[in-house]
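Report on the structure given below.
This structure is a prediction, so every number in the text was calculated from the model and none was measured. Throughout, residue positions are numbered sequentially from 1 according to the sequence presented.
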Amino acid sequence: KTLPALDNALLGLRGLSVLAAEPGIGKTTLGLQLGLDIVAANDDACFVFFTFEMSSEEIERRMLSRVSGLTWEALVLGEASVHSPQTDKLHFSPEQRKAFESGYRQLEEIKNRVFIIEQNVGANLGKSWFHNCVHKAKSQSGCRRAFILVDNLQSMPIRNPTGGSWSSLDFDRYAIGLLLELQHICPDDDAVMVISEQSKETMGTARLRSALGSARIVYSADCVFFLVGDNENAGSEPQPVDFVIKKARDGMQRARIRLAFDHRHSTFREDRDRATDIVVESEENSELRGLEEMAPSSRTG
C-alpha cells in the first residue's frame, strides 16, 4: 500500500515471481517493504523471509529503520552528544526516541506474523525444509496465506545431492527446481518471490536473459521484475530506480514504475516527478520466444 502505482499494476502478488537487479540497488529493501505492506494490510497473511546473505539482526534493523523513519546510523550509533538515562543505553534525542518507540510498536503489532529464517551455509536445503518452515509459520500465526521471500537464489546453501561436484548451471537448475516445487506444493493463495542477481555485462538493463541462472528461472516464473538504476545519478540520495514489470500474467500490467530509493531509511517511494511507462508488448513477446527455445534443455534440474 505504500507504493500504489506498483500495487495497481500487479493486482496483488501470486505464484512464483523473480526480482532481479545488480548489487546494492535495493532488492532486499524492496522485498522487505512489500512483506511489511502485505501483513499490515492483510490480517490473514504472514511474511516468511528466507535470508541466505544477511543475519536476522540486520534484517530486523532494516525493518525498524523503515517503520520508524530513523537512519541506520541513528539506530546503531545514536547521537554521541545525547546522554541516555534509560536502561536501554540508546543515545537518542527526544524526537528520535519518539520515532524509535513508534516504530517498535508497529513491529510488535505484526511480529507474530513475520518470520525471518536463517540457514547455516554448511546445511543442505530441500523442498521439505522450505515447505515445513512455511507450514510452521502459518500454523503458529494462524494465517491462511503467506508471502514467501527468498534472498537470494545465488546464495542458497545447497550441495550436490549425488555428492559430486557440479557446475554453476547445474546448481542453478537444482536451486530453481526446489523453488518451483515449493511454489507448486504451496496453496494458490501463497506467493513466492525469489531475489536474483544480474550478470555483470547486463547490469542496468531489464532484459530477461540478464537474470543469473538458467533460462528456466524466468521462463517458469509467473512474473519477472527488475530494479534498474540510473547510472548518471548513482550515489545520489534518494536514488532514482525503475521497477520494471517485464513478465506478467493473470491481469498484471507490464510497466516501468518510477521509484526513489532512500537507502539511509531503508525505504522506497514513488517518484511522482517521473511518469510511469507501459512496456512495449512486442519486445516482451520477442524475448519470451527466445527463452522458450532455450528452456527445454534446462528442465531436467
Side-chain angles (χ1 to χ4, degrees), residues 1-3 10 12-19 26-68 72 75 103-158 175-176 178-196 222-223 225 266-268:
K1 299 300 181 181
T2 58
L3 300 168
L10 294 179
L13 290 169
R14 70 206 74 125
L16 175 67
S17 59
V18 177
L19 175 62
K27 300 184 295 297
T28 301
T29 298
L30 181 60
L32 282 173
Q33 185 165 337
L34 293 174
L36 292 177
D37 277 4
I38 286 169
V39 295
N42 301 275
D43 292 337
D44 65 339
C46 61
F47 176 27
V48 186
F49 183 17
F50 294 97
T51 172
F52 301 124
E53 281 199 318
M54 299 182 185
S55 68
S56 58
E57 290 79 9
E58 291 177 284
I59 298 299
E60 289 167 359
R61 189 177 294 119
R62 288 195 180 199
M63 291 167 56
L64 183 56
S65 174
R66 158 149 183 71
V67 298
S68 69
W72 181 91
L75 286 173
Y104 187 83
R105 284 194 300 271
Q106 291 181 59
L107 292 183
E108 281 289 298
E109 291 175 358
I110 61 173
K111 71 176 184 179
N112 66 320
R113 293 188 290 126
V114 177
F115 301 84
I116 303 171
I117 300 172
E118 297 178 272
Q119 182 67 19
N120 295 330
V121 174
N124 198 29
L125 307 186
K127 64 177 180 179
S128 60
W129 180 79
F130 276 108
H131 183 254
N132 289 341
C133 288
V134 175
H135 179 76
K136 184 177 180 180
K138 293 168 76 172
S139 177
Q140 287 183 354
S141 62
C143 290
R144 180 175 61 86
R145 300 182 291 168
F147 171 56
I148 303 154
L149 181 65
V150 180
D151 186 15
N152 65 39
L153 176 65
Q154 285 74 40
S155 299
M156 288 172 58
I158 55 179
I176 293 163
L178 288 180
L179 298 173
L180 287 171
E181 290 180 10
L182 171 65
Q183 190 266 321
H184 288 157
I185 61 179
C186 283
D188 290 341
D189 286 338
D190 292 347
V192 181
M193 176 178 283
V194 184
I195 292 176
S196 178
D222 297 287
C223 317
F225 313 130
S266 298
T267 190
F268 280 85

- Message: Run the side chain to side chain contact (heavy atoms under 4.5 Å, CB included) test on C46 and F147 for me, step by step, so that the C-alpha distance in whole Å, both residues' side-chain angles and the decisive distance to 0.1 Å come before the verdict.
- Response: CA-CA 6 Å; C46 61; F147 171 56; over 6 Å; no
Can you check whether [Y]'s main-chain N or O pairs, donor with acceptor, with [X]'s side chain at less than 3.5 Å?
X: H135; Y: H131; result: no
X: R113; Y: K111; result: no
X: Q183; Y: G15; result: no

Quick one: pull up [atom1] in [X] and [atom2] in [Y] and give me the separation to the nearest 0.5 Å.
X: F49; Y: I116; atom1: CZ; atom2: CD1; result: 7.5 Å
X: I59; Y: L64; atom1: CD1; atom2: CG; result: 13.0 Å
X: L182; Y: L178; atom1: CG; atom2: CG; result: 9.0 Å
X: N42; Y: C143; atom1: CG; atom2: SG; result: 9.5 Å
X: T29; Y: F268; atom1: OG1; atom2: CZ; result: 6.0 Å
X: S56; Y: M63; atom1: OG; atom2: CE; result: 10.5 Å

Where do [X] and [Y] come nearest, in terms of heavy atoms and distance?
X: I38; Y: A45; answer: CG2-CB, 4.0 Å
X: S65; Y: S266; answer: OG-OG, 3.9 Å
X: N152; Y: I195; answer: CB-O, 3.1 Å
X: K27; Y: S196; answer: CD-O, 3.6 Å
X: V48; Y: A146; answer: CG2-CB, 4.5 Å

- Message: Per the salt bridge (Lys or Arg N to Asp or Glu O under 4.0 Å) rule, what does the pair list look like for residues 138-156, sequence neighbours excluded?
- Response: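 Checked against salt bridge (Lys or Arg N to Asp or Glu O under 4.0 Å) - neighbours excluded - the pairs reaching residues 138-156 are D44-R144, D44-R145, K138-D190, R144-D189.
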- Message: With salt bridge (Lys or Arg N to Asp or Glu O under 4.0 Å) as the rule and sequence neighbours excluded, what pairs involving residues 46-68 come up?
- Response: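 For residues 46-68: D37-R66.
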- Query: Angle class for the F130/F50 ring planes (parallel below 30°, perpendicular above 60°, tilted otherwise)?
  - Reply: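 Judged by the thresholds at 30° and 60°, the geometry between F130 and F50 is perpendicular.
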- Message: Less than 3.5 Å apart, any donor N or O on the side chain of E118 or S55 sitting next to an acceptor on the other?
- Response: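 Side-chain D/A pair, E118 to S55: absent.
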Contact between [X] and [Y] at the side-chain level, heavy atoms closer than 4.5 Å - yes or no?
X: L34; Y: M193; answer: yes
X: L19; Y: V194; answer: no
X: L149; Y: V192; answer: no

- Query: F115 and F47: aromatic ring centres closer than 6.0 Å?
  - Reply: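 No, they do not, as the ring centres are separated by 6.0 Å or more.
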- Task: With side chain to side chain contact (heavy atoms under 4.5 Å, CB included) as the test, would you mind laying out the steps for I117 and T51 before giving the verdict?
- Result: CA-CA 6 Å; I117 300 172; T51 172; over 6 Å; no
